[in-house]
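So the structure is just underneath, and the comments pick up after that.
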Amino acid sequence: MPKIEGTERIDLYRIRVPKGFVPGMKTEGIIFVDETLEQELELESVRQVANVATLPGIVGKSLAMPDIHTGYGFPIGGVAAFDVEEGVISPGGVGYDINCGVRLLKSNLTKEEVEPKIRELIDLLYAHIPSGVGSTGKIKLSPKDEREVIKKGAIWAVEQGFGDAEDLQRIESHGCLEGADPDAISQKAYERGRAQQGTLGSGNHFLEVQYVAEVYEPEIATVMGLSKGQVTVMIHTGSRGFGHQICDDYVRVMLQAAKKYGIELPDKELACVPFRSREGQQYFSAMKGAANYAWANRQCLMHWTREVFLRLFNLSPKDLGMKVVFDVAHNIAKEEFHFINGERKRLIVHRKGATRAFPNGHPELPDCYKDIGQPVLIPGDMGRVSFVLVGLPKAMEETFGSTCHGAGRLLSRNQAIKQARGRSIKQELAERGIIVRSAGKETLAEEMPDAYKDVSNVVDVVHNAGIARKIVKLKPMGVIKG
DNA sequence: ATGTTC
């Protein structure tokens with residue numbers, strides 16, 4: 001019996017949301033879940049998968065990854081591709097935190113070398129990485145800087161002395177989407193973004209010191225510079241209030257414009273316009289600006305992380321060996337080519353809480369990863385584990401080169417706060433050997449491990465379904481939260 | 001996620 005009436009199990013790792021689940025579906029939905037994760041499916045998120053299938057110009061199926069949960073209009077964990085000529089673009093298909101994403105750094109340090117200093121390290125990182133709701137940083141963008149960040153992304157940060165040109169090779173899209181238009185962004189977004197470059201933010205954003213706990217594919221891990229016992233740093237943040245404001249602005253624009261273009265919406269939160277329309281192109285070029293802002297943000301935070309490590313461990317940059325493994329976007333829409341029934345088509349692929357997972361040989365991969373495929377970075381919750389995977393050819397066939405992005409929430413923020421009442425999450429994590437420093441009082445409760453699905457189950461589904469392959473498992477040692 | 005309800 002399916003958990004959600006009307007869905008059908010296809011095999012061990014996929015269920016179908018058939019046409020007719022909601023009226024007007026142009027294609028079926030596919031959700032990647034095994035029977036365990038199926039028990040955690042929310043009816044509302046399944047309905048969202050179905051709603052997306054009603055939108056004009058959808059190509060292939062409306063997809064969702066095993067970390068699916070209910071989002072704004074589109075489900076989080078959703079992937080939907082639209083024809084650039086006949087299809088739409090939707091801010092809800094990207095999410096409020098445009099280019100929320102993850103960067104992984106490797107180091108030459110071992111777990112044993114870092115352990116005695118972990119408390120000091122976390123304190124120093126906390127002191128040097130601005131975090132928390134509304135946090136502002138050490139960077140104040142001038143009007144000229146703002147436009148440069150929007151146009152250049154991580155390249156801007158490198159030009160300012162944050163990190164090296166070498167870092168850019170190992171960032172999705174090299175940390176810069178071309179075609180960002182500073183004039184498509186509101187004054188209000190500029191105001192919110194001005195002082196937030198180089199800040200972590202709050203919610204599920206974090207900076208975590210980890211070690212490689214398990215290596216599944218030693219040869220591939222070696223290409224990424226990863227081996228057992230080695231210390232890594234994972235940075236999870238996005239475009240802060242800047243991207244949030246851009247999403248807000250364009251949801252409003254598109255609600256009006258959708259009527260004008262005669263688009264029927266089963267849910268207002270699916271507000272969208274034709275990709276080729278004026279409003280569609282404006283949103284896309286503003287979204288690129290926010291994506292670039294986020295890549296600059298992760299570049300700045302990485303630079304300060306390096307500085308803290310260099311000072312505390314008194315090493316030269318060469319000896320520390322803190323290099324980018326990769327940096328991925330989890331919330332973004334991209335123009336990409338995909339083969340549909342043997343025909344090469346230009347599509348606008350929306351990934352919302354989903355990660356690009358291109359296989360080996362893909363032309364968009366940097367030379368260093370051409371042979372192994374794109375590294376996929378999957379953060380778990382604070383108390384458990386995170387994973388590095390690589391994309392596989394099957395992802396190109398089934399999911400427009402995409403996979404999951406994280407553990408996926410089990411409890412809403414309010415439910416989590418309620419369940420954490422009377423407990424000390426900080427203490428519970430300390431007992432598991434994880435040092436936490438947090439800016440916000442309630443953030444730890446909202447983000448406690450129990451609030452999330454087990455990321456290991458999520459990753460096993462995409463691994464077993466053959467769209468991405470597990471390479472290493474990472475365990476947290478210490479974390480700073482917003 | 002978010003100047004955590006313009």
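Just so it is clear: chains get the letters A, B, ... in the order the sequence lines come, proteins before strands, and each one is counted from 1.
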Requested in this report: Begin from the C-alpha positions of A:Q299 and A:R103 and carry the test side chain to side chain donor-acceptor pair (under 3.5 Å) through to its verdict.
Outcome: CA-CA 9 Å; A:Q299 184 71 22; A:R103 175 176 297 211; 2.8 Å; yes

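- Classified by interplanar angle (parallel below 30°, tilted 30° to 60°, perpendicular above 60°), the ring pair A:H244/A:Y96 is tilted.
- Checking the phosphate oxygens (OP1, OP2) of B:dT4, no side-chain nitrogen or oxygen of A:S202 falls inside 4.0 Å.
- When heavy atoms are screened at a 4.0 angstrom cut-off, A:E191 is found touching no nucleic acid atom at all.
- Within the 4.0 angstrom heavy-atom criterion, only backbone atoms of the sugar-phosphate kind lie near A:G203; the bases stay farther away.
- When rounded to the nearest whole Å, the span between CZ of A:R252 and C1' of B:dT2 equals 13 Å.
- Distance, A:L200 CG to B:dT4 C1': 16 Å, rounded to whole Å.
- Rounded to a whole Å, the OH atom of A:Y96 is 13 Å from the C1' atom of B:dT5.
- Both A:H236 and A:V133 sit near DNA chain B, but only A:H236 has its closest nucleotide nearer the 5' end.
- The interatomic distance linking A:D97 (CG) with B:dT4 (P) rounds to 15 Å, in whole Å.
- A:K188 comes within 4.0 angstrom of a base, heavy atoms only.
- Proximity of the aromatic rings of A:Y293 and A:F242 is defined here by a centroid distance below 6.0 angstrom, and this criterion is met.
- Cation-pi check for A:R47 over A:F21 is not met; the charged atom does not lie both under 6.0 angstrom from the ring centroid and within 45 degrees of its normal.
- Distance, A:Y72 OH to B:dT4 P: 17 Å, rounded to whole Å.
- Atom CD in A:E447 sits roughly 11 Å away from atom P in B:dT2 (whole-Å rounding).
- No side-chain heavy atom of A:K152 sits less than 4.5 Å from a side-chain heavy atom of A:V158.
- For B:dT4, the OP1/OP2 oxygens have no side-chain nitrogen or oxygen of A:R413 closer than 4.0 Å.
- Here the C1' atom of nucleotide B:dT2 and the OH atom of A:Y250 are 19 Å apart, to the nearest Å.
- The interatomic distance linking A:I417 (CD1) with B:dT4 (P) rounds to 14 Å, in whole Å.
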